[in-house]
Amino acid sequence: MTHRISPNQKRKALRAGLASGRLQRLPGAFSPLVARAVADRGFEGVYVSGAALAADLALPDIGLTTLTEVAGRGGQIARATDLPTLIDADTGFGEAANVARTIAALEDAGLAGCHLEDQVNPKRCGHLDGKEVVPTPVMLQRVRAAVQARTDPDFVICARTDARAIEGLDAAIDRAKGYVDAGADMVFPEALRTEAEFAAFRQAVDMPLLANMTEFGTSPALTARRLEDLGYNLVIWPVSSLRAAMGAVEDLFDTLETEGTQASHVDRMQTRARLYELVDYASYTAFDKQLFDFKIPGRDA
Ligand SMILES: C[C@](O)(C(=O)O)[C@H](CC(=O)O)C(=O)O
Ligand SMILES: [Mg+2]
């Protein structure tokens, strides 16, 4: 498992995927190890969720994490695989000037792209009540700032609109069109309510579209095949791996507490061998051997 693909090559791969007519499938990875498990299958990319990143720090998803934390963790996850990694940049961590700095940090961290949303600061989960959006001109500034700040033209800037839940579908579509005119490469219509709304958005917006298949939210659960048929370009399952892992962790702790041993749980655990596969233990051993198996001319003949 050698990782030699440059950030620019990953960005080009993401762009090619978006232009391919095939759905790009990006499971959320809350850690570099989880990203390895994504890459070990046939997925086209990795997603870094703001909600999962916050939850991992035992924080709610209300804009408490900082750019430094998000870029740092995003970079660790992006470096773990050869796949392009798309990251959730929330509202851009401020207004235009902050957004510009956010793009610089995410590019430097090796991300392939990010999404920026039109919520007010502090933001909320897109599937909960109580969120608000900024006036369209404010989001247009954010998008323009992002596009101008980009130093690699292949870095993908995705504009997310949260307007569906607040202003309705037509307003969300109008906003999306404006964000595209401002230079966004793709659009993330958040919290659509029905499959018909997914279809209507596709009909109205002539740019790559992202579908968010999060659980326990307000959107219907559509399969990858259905989303591809609807003409969507990219799907994220942002928090699914964290929810699955935490479900298993809580079950384990219940077992430990009640049974005093993990024995009945071990068959559900990732094995030591599989973990070593994912961290590519063998190639490190080979590398070490090659470094230390050397002879010094004159000393070792
Ligand atoms: C996509 C999202 O922005 C995220 O941070 O992963 C969240 C997901 C979630 O809370 O389920 C969102 O949809 O707001
Ligand atoms: Mg988020």
Side-chain angles (χ1 to χ4, degrees), residues 24-31 34-35 38 43 45-67 69-71 73-74 77-78 85-94 99 102 106 111-134 139 142 146 156-166 172 175-176 179 184 186-193 197-198 201 209-222 227 232-247:
Q24 304 301 294
R25 299 158 306 156
L26 278 65
F30 56 88
S31 77
V34 176
V38 172
F43 296 106
V46 175
Y47 177 72
V48 179
S49 150
L53 205 148
D56 192 49
L57 296 168
L59 295 171
D61 183 22
I62 54 172
L64 296 172
T65 51
T66 65
L67 170 59
E69 287 171 330
V70 171
R73 194 60 167 158
I77 295 170
T85 300
L86 180 74
I87 195 165
D88 180 353
D90 288 345
T91 57
F93 303 97
V99 171
T102 295
L106 298 179
L111 278 311
C114 71
H115 62 76
L116 292 165
E117 69 207 30
D118 56 7
Q119 287 198 48
V120 299
N121 282 305
K123 52 97 16 83
R124 293 284 178 263
C125 165
H127 289 261
L128 295 185
D129 295 336
K131 64 177 184 177
E132 285 173 55
V133 286
V134 291
M139 179 60 177
R142 289 182 191 167
V156 173
I157 292 168
C158 173
R160 158 169 153 177
T161 179
D162 280 69
R164 163 66 189 93
I166 302 154
R175 278 178 176 263
Y179 304 163
M186 66 182 300
V187 173
F188 172 174
E190 173 67 316
L192 300 183
R193 299 267 167 86
E197 290 193 359
F198 278 86
F201 222 97
L209 290 181
L210 180 154
N212 176 9
M213 288 295 111
T214 195
E215 304 84 7
F216 314 114
T218 49
S219 297
L222 303 172
L227 286 166
Y232 274 69
N233 307 85
L234 190 149
V235 60
I236 57 171
W237 297 276
V239 196
S240 312
S241 60
L242 179 83
R243 293 194 225 279
M246 285 308 296

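Note that ligands are numbered from 1 as they come in the structure, with each ligand's atoms numbered from 1 the same way. On a predicted model such as this, the values are computed, not experimentally measured, just so you know. Computed from heavy atoms alone, side chains included, the values below leave out hydrogens, waters and symmetry copies.
Panel note: side chain E69, backbone T65; no donor-acceptor pair is recorded below 3.5 Å. Looking only at distances, a side-chain donor or acceptor of S219 sits under 3.5 Å from a matching main-chain atom of L192. With T102 contributing its side chain and G92 its backbone, the two residues share a donor-acceptor pair below 3.5 Å.
The distance from the Mg ion (ligand 2) to the nearest N/O/S atom of E117 is not under 2.8 Å.
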Under 3.5 Å: N or O atoms of ligand 1 paired with protein N or O:
| from | atom 1 | to | atom 2 | distance (Å) |
| --- | --- | --- | --- | --- |
| ligand 1 | 3 (O) | D88 | OD2 | 3.2 |
| ligand 1 | 3 (O) | R160 | NH1 | 2.8 |
| ligand 1 | 5 (O) | S49 | OG | 3.4 |
| ligand 1 | 5 (O) | G50 | N | 3.2 |
| ligand 1 | 5 (O) | A51 | N | 2.7 |
| ligand 1 | 5 (O) | D88 | OD2 | 2.7 |
| ligand 1 | 6 (O) | S49 | OG | 2.6 |
| ligand 1 | 11 (O) | T214 | OG1 | 2.5 |
| ligand 1 | 11 (O) | R243 | NH2 | 3.4 |
| ligand 1 | 13 (O) | E190 | OE2 | 2.5 |
| ligand 1 | 13 (O) | N212 | ND2 | 2.9 |
| ligand 1 | 14 (O) | G126 | N | 2.7 |
| ligand 1 | 14 (O) | R160 | NH2 | 3.3 |
| ligand 1 | 14 (O) | E190 | OE2 | 3.1 |

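Partner L59 forms a side chain to side chain contact (heavy atoms under 4.5 Å, CB included) with one of I62, D61, L57 and no other, that one being L57. Just one residue in the list Q24, E190, M186 forms a side chain to side chain contact (heavy atoms under 4.5 Å, CB included) with L210, and that residue is M186.
For the pair I77/I87, no side-chain contact is recorded, criterion being any heavy-atom separation below 4.5 Å from C-beta on.
When the N, O or S atoms of D88 are ranked by distance to the Mg ion (ligand 2), OD2 comes first.
Using bins of under 30°, 30° to 60° and over 60° for the plane-to-plane angle, the ring pair H115/Y47 lands in the parallel bin.
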